[in-house]
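Following: one structure in C-alpha cells, then a few remarks.
Bear in mind that the values here come from a model prediction, so they are computed numbers and not experimental data.
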Amino acid sequence: MTSASGETVAPLAQADSVSDWFTSNIGTFVSGLVNVVIIVVVAIVLRFVAHRLITRLVKRVISSHQRLNQTKNKVSRQVRETSEEAKLREERRAQHAHTVGGVLGSVATLVIFGAAFVMILGEFGMHIGPILASAGVLGLAIGFGAQSLVQDFLAGLFMMTEDQFGIGDVIDVGEAVGTVEAMTLRITKIRDLDGGLWHVRNGEILRVCNMNQDWANSVVEIPLDYSVDLPQAKQVIEDSLREFANDPEYQAQILEQPDVSGVVGIGNGAMTMRIITKTQPGAQWALGRAVRAHLKERFDREGIQVAHPVLYRSGAGAAQQG
C-alpha cells in the first residue's frame, strides 16, 4: 500500500510493531537471559563442589582402609613390606580412587547439567512437565532393560571402593580361579593356571577369596612312615624349619616362625604332619615348594623315611609295600 506522496506504509507499520513488541518484552527477555546465566553458573559451581566432595570422600575411604591395615600389622608385628610392595599398594589405591571418583563425578555431572538443561527450557517458555514424564518413562524402560548392567556397575563400584581385590591378586570367585589381569566397573578378567582368560561379570561375583591380601598361610603336609619315631621326627622338622626361616633367601617372605601343628592324619601306613608358615601375600606357593625341598634333604640326612603307598593283594590278606 502506497500513500499520496508515494511512500510505502506497510513496512513502516511492521517495523513499528516489531519495535513495540521488543520494547514491551525487553524486560522479560533480559530477565530470562539473566536467569539462564545464573542457572549455568550455579550448575558449574555445583559440579565443581560435587567433584571436590567426591574426590575427598573416596580418598578418605581409601586412607581409612590403609590406616586400619597399618594398625593391624603393627599390633601383630607383621610390618615387613618392601618398598616395591608398598609402591604397588599405593598405585592400586590411587587407581581405585581415580576410577571410583571418575564414575561418581560423571554421574554428578549428568544429574546437575540435566537439571540445569530442563530449567533453561522452562525459562524459554517450554512446558517441562511432559519432558519430565517422558524422561521418567524412558529411565524406567532403560532400568528394566539394563538391570544386569546396572548391577554389574554397582558391584564393580563397591569392589573398588572396598578394595576387595586388585590387579595382580590371585582370587577364587567360584569356577574361575587365577590372577586378576584387568578389572573395570563391568567385568573382571582372570587368568587361570592353564592360561585361560575368564571374563567374569562383577554382578555375578557373589563371594570372592583373595589369596594375596595382607598375609597368607603356606600349609605343607608331610606323610611320614608309620614306623618313624614321632618325637624324633618332630624335633628334626622343627630344627629344619628354624634353619629354613633364618635363610636370607626366604627370611623376608616369612612373617612368623613356621609352626608344626603335629599329626593331623593316620592311615594307610602313614602319619601326616602339618606345617603352617605365615608368609607375605602371594609367596605361600613358592615358599611351600621350598619347605618341601628343604625337608626332603634333611630327612635324607637324618634317615627319616616318608610313607610309601600300601598295596593289598586280594585273597591273600597280606600287605605289600609298593
Side-chain angles (χ1 to χ4, degrees), residues 18-68 87 89-164 166-167 182-188 201-203:
V18 171
S19 178
D20 294 339
W21 179 88
F22 185 79
T23 303
S24 61
N25 292 279
I26 185 63
T28 305
F29 178 77
V30 173
S31 176
L33 183 62
V34 171
N35 290 338
V36 169
V37 173
I38 292 175
I39 291 173
V40 172
V41 172
V42 171
I44 294 175
V45 172
L46 286 178
R47 179 184 177 276
F48 174 77
V49 173
H51 277 240
R52 289 293 299 270
L53 291 177
I54 289 172
T55 302
R56 288 188 178 183
L57 177 62
V58 172
K59 288 184 177 181
R60 182 171 298 180
V61 171
I62 300 296
S63 62
S64 64
H65 281 285
Q66 181 180 5
R67 289 194 300 268
L68 181 60
K87 182 179 178 180
R89 283 181 177 271
E90 291 299 328
E91 291 178 354
R92 174 167 148 181
R93 293 190 183 98
Q95 179 191 16
H96 286 177
H98 178 74
T99 303
V100 175
V103 172
L104 294 179
S106 299
V107 172
T109 300
L110 180 62
V111 172
I112 293 173
F113 283 169
F117 178 73
V118 173
M119 295 174 66
I120 290 174
L121 292 180
E123 291 295 329
F124 282 104
M126 298 184 63
H127 297 288
I128 62 177
I131 298 177
L132 294 177
S134 302
V137 173
L138 180 62
L140 188 62
I142 294 176
F144 276 111
Q147 289 184 17
S148 60
L149 184 63
V150 175
Q151 183 182 6
D152 294 340
F153 273 84
L154 290 178
L157 182 64
F158 281 109
M159 286 177 185
M160 290 186 178
T161 303
E162 297 171 359
D163 195 18
Q164 296 181 9
I167 297 176
M183 59 180 303
T184 63
L185 288 177
R186 193 178 70 86
I187 63 171
T188 297
R201 287 176 39 215
N202 293 331

For Asp152, what residues pass the side chain to side chain contact (heavy atoms under 4.5 Å, CB included) criterion, not counting sequence neighbours?
Arg186, Arg201
Phe117, CZ: over 12 other non-hydrogen atoms inside 6.0 angstrom:
no
At their closest point, which heavy atom of Val40 faces which heavy atom of Ile120, and how far apart are they?
CG2-CD1, 3.9 Å
Which pairs would a plain distance check flag for residues 43-51, meaning a side-chain donor or acceptor within less than 3.5 Å of a matching protein atom at least two apart in sequence or in another chain?
from: Arg47; atom 1: NE; to: Thr109; atom 2: OG1; distance (Å): 3.1
from: His51; atom 1: NE2; to: Gly105; atom 2: O; distance (Å): 3.2
from: His51; atom 1: NE2; to: Thr109; atom 2: OG1; distance (Å): 2.9

With sequence neighbours left out, which residue pairs that include part of residues 104-114 fulfil the salt bridge (Lys or Arg N to Asp or Glu O under 4.0 Å) condition?
none
Any residue meeting side chain to side chain contact (heavy atoms under 4.5 Å, CB included) with Ile54, in chain and number order, not counting sequence neighbours:
Val58, Leu104, Ala108
Interatomic distance, CG@Leu157 vs CG@Asn202, rounded to 0.5 Å, equals 10.0 Å
